[in-house]
2 protein chains.
Amino acid sequence: MNIGEIARRAGVSRSTVSYALSGRRSVSTATRQRIQAVIDEIGYRPNAAARALKEGRTRTLGLVIPPASLRLTDMQLGFVASVVEAAARADLDVLLSPSGGDHDRSFERLISGRRADGIILMEIRLEDERVTRLRHEGIPFVTIGHTAHPHGTCWVDVDYAALVARCVHHLADLGHRSIALLNRSAELVAVGYGPAHRAQAGFAEAVLQRGLTGIELPCPDDAAAGEEWIEQLRDRHPGVTAITTINEASLPGLQRGLERLGIAVPRELSIAGVAARHWAEGFRPQLTAADVPTLEMGAHAVELLLERIAAPAGPPRHLLLAPPISLRDSTGPVHPH
Amino acid sequence: MNIGEIARRAGVSRSTVSYALSGRRSVSTATRQRIQAVIDEIGYRPNAAARALKEGRTRTLGLVIPPASLRLTDMQLGFVASVVEAAARADLDVLLSPSGGDHDRSFERLISGRRADGIILMEIRLEDERVTRLRHEGIPFVTIGHTAHPHGTCWVDVDYAALVARCVHHLADLGHRSIALLNRSAELVAVGYGPAHRAQAGFAEAVLQRGLTGIELPCPDDAAAGEEWIEQLRDRHPGVTAITTINEASLPGLQRGLERLGIAVPRELSIAGVAARHWAEGFRPQLTAADVPTLEMGAHAVELLLERIAAPAGPPRHLLLAPPISLRDSTGPVHPH
DNA sequence: ATCGAAGTTCGAATCGATTCGACATCCGTC
DNA sequence: GACGGATGTCGAATCGATTCGAACTTCGAT
């Protein structure tokens, strides 16, 4: 069903149908009603491709996700869901591109095929070729996470450095003098993954400020690794009385390990972390943590992107979120042995 | 950069550029190379909208996911990721539509705006208006999960009835006489969610066949609920010696509950379920379970859909997967008290 | 030398929408 | 009753690709 068919049945020209629908020129009430009746009867909707071709915009956002081979984390999933929902609220569709790097075919299609009006990138590295590429290409984009050179781009991110530092201060206030950071995996650190780096930095600085002993130990993003991690910590650094973590996926394993080793939380070991509320509340005892507002972040990313599409030349906006730490049951004063 | 610009720079007509790219007519080697050189230089790619308009196909698949308000399960996420990846392998893009029902605006756009060549539906109910709609609209589609009237449509599904039955038989073989089914939530059962219903059916039948006592208890899809569930089971049905489950999300809570109540697995209670390998192996002790092949299912769905797009009138194909049960450590012979 | 087939290229039509300029109609005003 | 300004409608151009028919070249066979 195309616009010509509607026009024919309503006995008007195609342009009149178009104007009746868009309201960009006045159409008499009688004509408009006749057209609407025909449309309702046969269920017409403008062809998206034709409209995109003429208007030069697709009413579609591109969302670049990590390839499926790397199991998506819970947080990444949250971003996808919230971006899609926020876009739907603005009557925009979302096109997914599972791309690791710059030369992925699907990424290329998205960019050079002009399939999206704007793009949201996830899993940003400190040096990210995709960012460079998009910038050069002149396509509006927003990143969830930010690179080492954040000023020229729009992004939304969690302030891992500040949050980890706050955790350290909180623990130090409770009297802990020797604290470990349960970081994301060593691979992620190696490839320059922002959150892992910034957690490291925030940790190091806070530990220095307070004159504490700080141990940073990376850990792969899964439960089994979390279980090993706590064993190793106990063996190699028995003096540690508190840990801070940004590694959600390791939490179930961490919990199992603690139970198996008979380490009481928070009596023998305090834990303060950064995690989605869902993870923090699922931990036993419930985790004192800064709640990462996953759903809001996706919505913010869409919001910034829409602004950027409307005004591509405007100054880039950033959002660095540092949600407050929710005190739950996993932190307490040091307990002498 | 459009095809006209390429043609101008290469000194040929637009049609020649098109033929050089598609290979649908022969183009002399000299000309082809000249065109290719220009394309490489300025990085041209055909405009997706223009191509879609002319060809009548978008090279895009639509994937309808549950709205973000309902937190997506791990398995659903797996489907999304695998569908996107399988589509990318076939050089197709995926458009996401977060739609609960038939009248969602985003669903409407997908259908009547002709934004996708074919559609994959997730979270199918026994009676699903979206299926009816798509069928009526004549758009190729495949469902992950199937309705109560499965013969006319293409789908991929896990044979929950058979798998739960197998679990029951396995447990019966080990001597268990009183078995509980830890089903998905009561709400899902109420809205006619297929897996929950079919698990129920398979359970009931197997229990009947073996002359066992069977108790079906639904449980919300989260950890906290799993913990409550096992408490209630112990209180109300103390004679149960084995459980079978299809509720992955409740597993962490189930485990905590078992530990807290001091119930030893498999000595006092055997567990056999249906779960992604990732969940089964994350359980302690590792779970005897039929491993749901999430990643393959997405790939199969794309495969069926591509077939359907190529031959819309062909007979609908179905895939009912019943992966073998992996024996791990959570099942054992009944142990007399 | 001529013919036909194969190879190569071009121009024009087409897909389905939006939008501009032009024209027709209607109304109130002087 | 002529004029100007809304108001309503239409035809044609346009977006960027693909594809059909036609024309032109080349070359081997007769």
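Side chains included, hydrogens not; waters and symmetry mates left out as well; all remaining heavy atoms used. So you know, we letter chains A, B, ... as the sequences are listed, proteins then strands, and number each from 1.
- Where B:Leu53 and B:Thr16 meet DNA chain D, the nucleotide closest to each residue was compared, and B:Leu53 sits on the side nearer the 5' end.
- Of the listed nucleotides (C:dA17, D:dA12, C:dC10), D:dA12 has the atom at the smallest distance from the side chain of A:Ser15.
- The listed nucleotides are C:dT9, D:dA13, D:dT9; the one nearest the side chain of A:Arg14 is D:dA13.
- B:Ser18 comes within contact range of at least one nucleobase, with a heavy-atom separation under 4.0 Å.
- Among the atoms of the strands shown, only primed sugar atoms or phosphate atoms (P, OP1, OP2) are found under 4.0 Å from some heavy atom of A:Thr31.
- Following rounding to the nearest Å, A:Leu21 (CG) and C:dG16 (C1') show an atom-to-atom distance of 13 Å.
- One atom, OH of B:Tyr19, and another, P of D:dA17, lie 15 Å apart when rounded to the nearest Å.
- Nucleic acid contact class of B:Arg24 (heavy atoms, under 4.0 Å, all strands): sugar-phosphate only.
- Rounded to whole angstrom, the span from the CD atom of A:Glu55 across to the P atom of C:dA17 amounts to 12 Å.
- Whole-Å rounding puts the B:Arg114 CZ to C:dC15 P distance at 16 Å.
- Nearest to the side chain of B:Ser28, among C:dA17, C:dC10, C:dT8, sits C:dT8.
- Mapping B:Val17 and A:Gly11 onto DNA chain D by nearest heavy atom places A:Gly11 at the nucleotide closer to the 5' end.
- Nearest heavy atoms, A:Arg130 versus A:Glu123: NH2-O, 3.0 Å.
- A salt bridge is absent between B:Arg125 and B:Glu129: the closest approach of a Lys/Arg side-chain nitrogen to an acidic carboxylate oxygen does not fall below 4.0 angstrom.
- Nucleic acid contact class of B:Ser26 (heavy atoms, under 4.0 Å, all strands): base.
- Relative to the side chain of B:Arg25, the nucleotides D:dA22, C:dT18, C:dT19 differ in distance, and D:dA22 lies closest.
- By the 4.0 Å N-to-carboxylate-O rule, A:Asp91 lies close enough to B:Arg109 to be salt-bridged with it.
- Proximity of B:Arg51 to the phosphate of D:dT18: a side-chain N or O atom is located under 4.0 Å from OP1 or OP2.
- Atoms NZ (A:Lys54) and P (D:dC15) sit 7 Å apart, rounded to a whole Å.
- Checking the phosphate oxygens (OP1, OP2) of C:dG16, no side-chain nitrogen or oxygen of A:Asn47 falls inside 4.0 Å.
- The shortest heavy-atom contact between B:Phe141 and B:Cys154 is O-CB, 3.8 Å.
- Using a cutoff of 4.0 Å between basic side-chain nitrogens and carboxylate oxygens, A:Arg59 and A:Asp117 are not scored as salt-bridged.
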